[in-house]
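Here's the structure, in structure tokens; my notes come after.
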2 protein chains.
Amino acid sequence: MSARTPESARDIPEATVARLPVYLRALITLADEGTATCSSEELATAAGVNSAKLRKDLSYLGSYGTRGVGYDVEYLRYQIAREIGVTQDWPVVIVGIGNLGHALANYSGFRSRGFRVVALLDADPVRQAEVVAGIDVRSFDDLDRIVVEHGVSIGVIATPAVAAQDVADRMVAAGITSILNFAPGVLTVPEGVDVRKVDLSIELQILAYHEQRKATAGTEDAS
Amino acid sequence: MSARTPESARDIPEATVARLPVYLRALITLADEGTATCSSEELATAAGVNSAKLRKDLSYLGSYGTRGVGYDVEYLRYQIAREIGVTQDWPVVIVGIGNLGHALANYSGFRSRGFRVVALLDADPVRQAEVVAGIDVRSFDDLDRIVVEHGVSIGVIATPAVAAQDVADRMVAAGITSILNFAPGVLTVPEGVDVRKVDLSIELQILAYHEQRKATAGTEDAS
DNA sequence: CTCGTTTTGTTCTCCTGTTCACAAACTCCT
DNA sequence: AGGAGTTTGTGAACAGGAGAACAAAACGAG
Ligand SMILES: NC(=O)c1ccc[n+]([C@@H]2O[C@H](COP(=O)([O-])OP(=O)(O)OC[C@H]3O[C@@H](n4cnc5c(N)ncnc54)[C@H](O)[C@@H]3O)[C@@H](O)[C@H]2O)c1
Ligand SMILES: NC(=O)c1ccc[n+]([C@@H]2O[C@H](COP(=O)([O-])OP(=O)(O)OC[C@H]3O[C@@H](n4cnc5c(N)ncnc54)[C@H](O)[C@@H]3O)[C@@H](O)[C@H]2O)c1
């Protein structure tokens, strides 16, 4: 309401935002291999997309390439990281330390990609006796305190589906504004809170649909 | 294979395919609650989508509703399950029984949603001594035999990123034509093989981007 | 049987995202 | 310096999906 975000608030299309992390990862791989410079064609191949799409995506961030040359890997990597917001770590809490929660807590890719697990929470007192990946599992009731203490704005839900909505409500009440949900089902949250869901069954069912089509494709049109 | 579905070669838009599993789950929930009939409005709410979109999606499958009344929950549920191809179970193999592989193997949602884990494979001999979720972990070299034996067409990759492409190649060679990949990075597969990826870091980075925007929205214009 | 009510199935419009194609900008070689 | 060869950045056409709106169909009341 105070201002009309002068120039930096370019709005990047959602589809582009979803691909920036892919480009970032490809750039990190290239940098690790010692590549100093790359063309849009090379980067696009590494990221598994069309080069025109890649260039258009990058053009939303600014003109960070050099015509006739390509992109400086380190420079572009930094620019994308800055645009995404992962130049420093985001604190994250994980709720529901069961099968999946354990795997997530042990996942090293968290730290290396701009996130830091500051707390593991579970409603089950038995779980709270555990230490997972060097972090104490604490009571779900500690949520509010932890959120304030660490300035957490991102929460991960790995509880059974039946508890997910309640956990989400508590997270929102505590001040969390972004949720990654692994439990199946639809979460309802207030305006201004972002939810992304990861649903294994849905992914498999999409594969099954296409698989079924492949199977019937030959038998289907007998003329 | 004689089930020829008179007019079934309709091609359903990809966006619709991705939502059908959501509708299916919502219908199962409604059925469990004892609901016999529902309107597009109710079902749309339960699935978290717009009712016009829901109706349009369902119209690709056929006319399974009754005007003035709504949809028969059980009937529509069956029709969607049939369209997706989950009226009977698909055999699935999981490769890479580490942190994540354990969680996946123990995931009960598999069986209840049209999939059956027929084998757990790992390259590490130490892992092969284990029994996870009542299933022996076997050598990755058994892949070909298992695929043939059970008619597997869907494979899940939960190995480290560095091994993922190799595992994918072996899967394709063995006859698998749909892959769900949890390892970060881009997989290259031949034409006709479907790959879907689930990437935790990407999801979190997308949340981080929006989170950053929320944070700077108010403070941005000091120019 | 007819009318009013409800709700689907579909059409039409709008918007987002993808891809093509090319001018502009840069490098290198002579 | 100038020209040939590259490669970016972007305008414009195209494709696909979202949502509003409404006619067609079913049902129930009188
Ligand atoms: N395991 C998988 O591979 C997998 C895959 C896809 C989706 N999921 C989904 O992820 C979720 C977790 O799966 P899981 O296999 O880890 O289940 P799980 O039962 O092993 O673990 C759930 C954990 O959540 C805790 N919990 C329950 N209610 C809670 C609450 N109100 N507040 C805080 N903690 C609570 C439980 O104490 C338990 O430790 C489920 O919704 C499941 O459908 C799991
Ligand atoms: N743990 C998580 O929560 C999580 C989250 C997101 C993504 N991931 C990704 O999922 C993958 C697995 O993660 P994890 O934490 O389970 O790792 P992990 O190291 O615990 O397990 C990997 C397993 O794969 C096996 N393996 C290695 N090479 C193999 C090969 N060529 N063939 C067959 N098996 C092989 C190893 O023996 C090991 O058991 C990684 O790529 C990781 O980036 C994990």
Side-chain angles (χ1 to χ4, degrees), chain A residues 7 10-23 26-27 30 35-77 79-80 83 186 202 206 209-210, chain B residues 7-8 10-23 26-27 30 35-77 79-80 83 186 202 206 209-210 213:
Chain A
E7 162 89 28
R10 295 165 300 246
D11 52 316
I12 297 181
E14 197 51 39
T16 297
V17 171
R19 281 188 295 266
L20 290 179
V22 180
Y23 303 154
L27 285 166
L30 287 174
T35 310
T37 279
C38 69
S39 69
S40 64
E41 199 66 53
E42 292 171 275
L43 183 53
T45 303
V49 302
N50 182 301
S51 71
K53 183 151 61 179
L54 172 89
R55 287 200 300 276
K56 176 150 281 195
D57 283 342
L58 294 184
S59 77
Y60 290 113
L61 314 193
S63 282
Y64 296 136
T66 308
R67 296 175 189 218
V69 178
Y71 300 92
D72 182 285
V73 171
E74 273 303 332
Y75 182 61
L76 184 59
R77 169 186 170 174
Q79 292 300 336
I80 292 180
E83 192 71 39
V186 179
I202 288 181
I206 294 170
Y209 170 80
H210 292 296
Chain B
E7 167 116 18
S8 72
R10 295 165 299 247
D11 52 318
I12 298 181
E14 198 50 39
T16 297
V17 171
R19 282 188 294 267
L20 289 179
V22 180
Y23 303 154
L27 284 166
L30 287 174
T35 311
T37 279
C38 70
S39 69
S40 64
E41 199 67 54
E42 293 171 276
L43 183 52
T45 302
V49 301
N50 182 299
S51 72
K53 184 151 60 179
L54 172 89
R55 288 199 299 279
K56 188 185 280 196
D57 283 341
L58 294 184
S59 76
Y60 291 113
L61 315 192
S63 282
Y64 296 136
T66 307
R67 296 173 190 222
V69 178
Y71 301 92
D72 181 286
V73 171
E74 274 302 333
Y75 182 62
L76 184 58
R77 169 185 169 174
Q79 292 300 337
I80 292 180
E83 192 70 40
V186 179
I202 289 181
I206 294 170
Y209 170 81
H210 292 296
R213 296 216 104 201

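Order of the sequence lines sets the chain letters (A, B, ...), proteins ahead of strands, with each chain counted from 1. Both backbone and side-chain heavy atoms feed into the values below; hydrogens, waters and symmetry mates do not.
- Shown here for Leu43(B) and Cys38(B), the closest heavy-atom pair between the two residues is CB-SG, 4.0 Å.
- For the atom pair CD of Gln79(A) and OG of Ser63(A), the computed distance is 11.5 Å after rounding to the nearest 0.5 Å.
- Atom OH of Tyr64(A) is separated from atom C1' of dG9(D) by 14 Å (rounded to the nearest Å).
- Donor-acceptor pairing under 3.5 Å is lacking for the side chains of Glu42(B) and Thr45(B).
- Of all heavy-atom pairs between Ser51(A) and Ser40(A), the closest is CB-O, 4.0 Å.
- Remark: Glu83(A) CD to Leu58(A) CG distance equals 10.5 Å, nearest 0.5 Å.
- Atom CG in Leu58(B) sits about 16 Å away from atom P in dG17(D), given to the nearest Å.
- Between the CD atom of Glu41(B) and the P atom of dG19(D) there is a distance of 13 Å, given to the nearest Å.
- Atoms CD (Glu42(B)) and P (dT7(C)) sit 8 Å apart, rounded to a whole Å.
- At whole-Å resolution of the value, CG in Leu43(A) and C1' in dT8(D) are 13 Å apart.
- Regarding contacts with the backbone of dT7(C), every side-chain N or O of Ser39(B) stays at 4.0 angstrom or more from both OP1 and OP2.
- Atom CZ of Arg77(A) and atom CD of Glu74(A) lie 5.0 Å apart (nearest 0.5 Å).
- Residue Tyr71(A) places at least one side-chain N or O under 4.0 Å from the OP1 or OP2 atom of dG9(D).
- Atom OH of Tyr23(B) and atom P of dT8(C) are 13 Å apart (whole Å).
- Shown here for Leu20(A) and Ile80(A), the closest heavy-atom pair between the two residues is O-CG2, 3.8 Å.
- Within the structure, every side-chain polar atom (N or O) of Thr66(B) is placed at least 4.0 Å from both OP1 and OP2 of dA26(D).
- Taking atom CZ on Arg55(B) and atom P on dT11(C), their separation rounds to 14 Å, with Å as the unit.
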Enumerate the protein-to-nucleotides 4-6 of chain C contacts in which both atoms are nitrogen or oxygen and the separation is below 3.5 Å.
none

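- Under the 4.5 Å side-chain criterion, counting only non-hydrogen atoms from C-beta, Arg19(A) is not in contact with Leu54(A).
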Contacts under 3.5 Å, N or O only, protein and nucleotides 15-19 of chain C:
| unit_1 | atom_1 | unit_2 | atom_2 | d |
| --- | --- | --- | --- | --- |
| dG17(C) | OP1 | Ala15(A) | N | 3.4 |
| dT18(C) | OP1 | Arg19(A) | NH1 | 2.9 |
| dT18(C) | OP2 | Arg19(A) | NH1 | 3.4 |
| dT18(C) | OP2 | Arg19(A) | NH2 | 2.8 |
| dT19(C) | OP2 | Lys53(A) | NZ | 3.4 |
| dT19(C) | O4 | Lys56(A) | NZ | 3.3 |

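- Distance CG/Leu27(A) to CG/Leu76(A): 5.0 Å, rounded to 0.5 Å.
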